[in-house]
Protein chains: 2
Amino acid sequence: MVFGLSFKKQQFDAREEAILDAVNQLLSEKGYDLMTMDDVADAVGVAKGSLYKHFSSKEKLAGAVLSRLLRETLERLEAMPAEWTAGRKLEEVLRWSLQHRLRGGVPHLPSTSVSFQRSLLLNLEYMGLAIRVNKRFKELVAKAREDGEISAQVPDEVIIYTLYSRSCDPTVEFLKQDGKLSHEQIVEAMVAATFGGLSKREV
Amino acid sequence: MVFGLSFKKQQFDAREEAILDAVNQLLSEKGYDLMTMDDVADAVGVAKGSLYKHFSSKEKLAGAVLSRLLRETLERLEAMPAEWTAGRKLEEVLRWSLQHRLRGGVPHLPSTSVSFQRSLLLNLEYMGLAIRVNKRFKELVAKAREDGEISAQVPDEVIIYTLYSRSCDPTVEFLKQDGKLSHEQIVEAMVAATFGGLSKREV
DNA sequence: GTCTATACACCGATAGAC
DNA sequence: GTCTATCGGTGTATAGAC
């Protein structure tokens, strides 16, 4: 019986992972507002009612996916070589976010819905992670500023918000649909445009 | 009776303008998907049914607002001093778009909804204007590139898509809510970040 | 043409059989 | 715990009185 329970638990956890993967993809394609619980149920291949045995609401479900993303982001930040400059680390975070999204991952900002954003503020797991990520970003920006890696014309808040915003920049979708650039070229062009700017640099 | 009809027509046109203004504001606040026809009716102060005497659908209604925006954009482009460089003109378009949005105007990309985007493709008025704006952008980018004003690391498509995307960049909302920067400072920081980039320039 | 009332579809969430 | 069936609510769009 122990084995039976263990097997059932494994099955349950595997299904939960499958749900999160499906939601991840749907959120990246349609965003929170346009994603329906029917979409999720169809994608996973279970009945809609069964979803609520795993997650008590659509907001909790999307919050779990975003929490998973924040955990990945934190891991990425901590795994970066110590010899990289702070500016390089910020650039790599953006590069990873863009690659992540081009592979079908959910962006850091999948919705502008006020009610969903408020539900995230009440989500302890999500908020804890978000605060940790934000704190790390602030430290990196401060260090990069100190080392003279950051433009004097751009305030710290703009740097940080821009990093979040680029993860859901529709430019990525346009370039992807355009088909003229490879995924790698899209990433490098976006990184160059974000950190280097659109204007020509003095030589 | 001619006067009577004329007056009624004026009233009708005035109401239509009021509707477009309300939709403009609602689209800028909630985006297409979250804006409901009830919202519009309440904002204008008319019954929901009456809206459909002016516009046959929600998609047509939003399309009319976007067409109005594109007309304004074209006027802005044509009114620019001939002595400005192409790069300066592109920068001013972005500056105007950001100012427009901070004053409560609808962004160029108010929705990622597939069905709405498809409806725009079938909207002759909108598509005609969009093509004209896009053509003008391409000309300006080509000229700026020719004059060495544009970064070699950023392809033309990325320049153009970025200009559209910045008009709906959530960074603007974050900075506005943050309250630390004035509207003018937000605009200049965003312009500097977009054209100058986040990294420090060589001196 | 503007109003009230309503048809029809969809969505989030729940109930109850198994 | 998973299914089918359904509730309550909301959204777009329309019908009909005035």
Side-chain angles (χ1 to χ4, degrees), chain A residues 1 4-20 22-23 26-27 29-65 110-111 113-116 118-120 122-123, chain B residues 1 4-20 22-23 26-27 29-65 110-111 113-116 118-120 122-123:
Chain A
M1 290 311 104
L5 282 171
S6 175
F7 176 70
K8 272 208 164 182
K9 172 114 171 54
Q10 274 185 23
Q11 218 178 19
F12 184 83
D13 289 351
R15 173 155 288 186
E16 196 145 306
E17 275 294 305
I19 293 174
L20 291 179
V23 171
L26 285 166
L27 278 181
E29 289 170 1
K30 323 176 73 164
Y32 178 81
D33 310 306
L34 267 51
M35 178 190 79
T36 71
M37 294 300 270
D38 285 290
D39 289 337
V40 180
D42 288 351
V44 182
V46 297
K48 182 164 61 167
S50 303
L51 292 179
Y52 288 88
K53 297 290 178 180
H54 293 264
F55 300 92
S56 61
S57 72
K58 182 186 176 184
E59 292 172 344
K60 288 268 176 62
L61 182 49
V65 170
S111 166
S113 158
V114 183
S115 65
F116 177 53
R118 197 167 45 208
S119 83
L120 286 178
L122 300 176
N123 185 326
Chain B
M1 291 311 108
L5 283 172
S6 174
F7 176 71
K8 273 209 166 180
K9 172 117 173 51
Q10 276 186 23
Q11 219 177 15
F12 185 83
D13 290 350
R15 173 156 290 186
E16 196 146 306
E17 275 294 306
I19 294 174
L20 291 180
V23 172
L26 285 167
L27 278 181
E29 290 170 0
K30 323 176 79 168
Y32 178 81
D33 310 307
L34 268 51
M35 178 190 79
T36 71
M37 295 299 269
D38 285 292
D39 289 336
V40 179
D42 288 351
V44 181
V46 298
K48 183 164 57 167
S50 303
L51 292 178
Y52 288 87
K53 296 291 178 180
H54 293 264
F55 300 93
S56 61
S57 72
K58 182 185 176 185
E59 292 172 344
K60 289 270 178 61
L61 183 48
V65 170
S111 166
S113 158
V114 182
S115 65
F116 177 54
R118 197 168 43 208
S119 83
L120 285 178
L122 300 175
N123 186 325

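By convention in this document, chain letters (A, B, ...) are assigned in the order of the sequence lines, proteins followed by strands, and residues within each chain are numbered from 1. Computed from heavy atoms alone, side chains included, the values below leave out hydrogens, waters and symmetry copies.
As rounded to whole Å, 13 Å separates atom C1' of D:dG11 from atom CG of A:L34. Counting to the nearest Å, the C1' atom of C:dG1 and the CD atom of B:Q10 are 17 Å from each other. Atom-to-atom, CG of B:L61 to P of D:dG11 comes out at 16 Å; the value is rounded to the nearest Å. Atom CZ of A:F116 is separated from atom P of C:dC11 by 18 Å (rounded to the nearest Å). If you measure from atom CE of B:M37 to atom C1' of D:dT10, you get 15 Å, rounded to the nearest angstrom. C:dT14 atom C1' lies 14 Å from atom CG of A:D38, rounded to whole Å. The distance from atom CG of A:D33 to atom P of D:dT10 is 16 Å, rounded to the nearest whole Å. What separates CG of A:D39 from P of C:dG12 is a distance of 8 Å, to the nearest Å.
Taking the ring centre of B:Y32 as origin, the terminal cationic atom of B:K58 falls inside the region bounded by 6.0 Å and 45° from the ring axis.
For the pair B:S57 and B:Y52, the tightest heavy-atom approach, listed with the atom from each and the gap, is CA-CE2, 4.1 Å.
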Summarise protein proximity over nucleotides 2-8 of chain C in one line of letters, 5' to 3': B for base, S for sugar-phosphate only, - for none, counting protein heavy atoms closer than 4.0 Å.
BBB----
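Phosphate proximity of D:dT14 to B:Y52: absent, as no side-chain N or O sits under 4.0 Å from OP1 or OP2.
Screening B:V23, B:D42, B:L61 for a side-chain contact (heavy atoms from CB on, under 4.5 Å) involving B:M37 leaves a single residue, B:L61.
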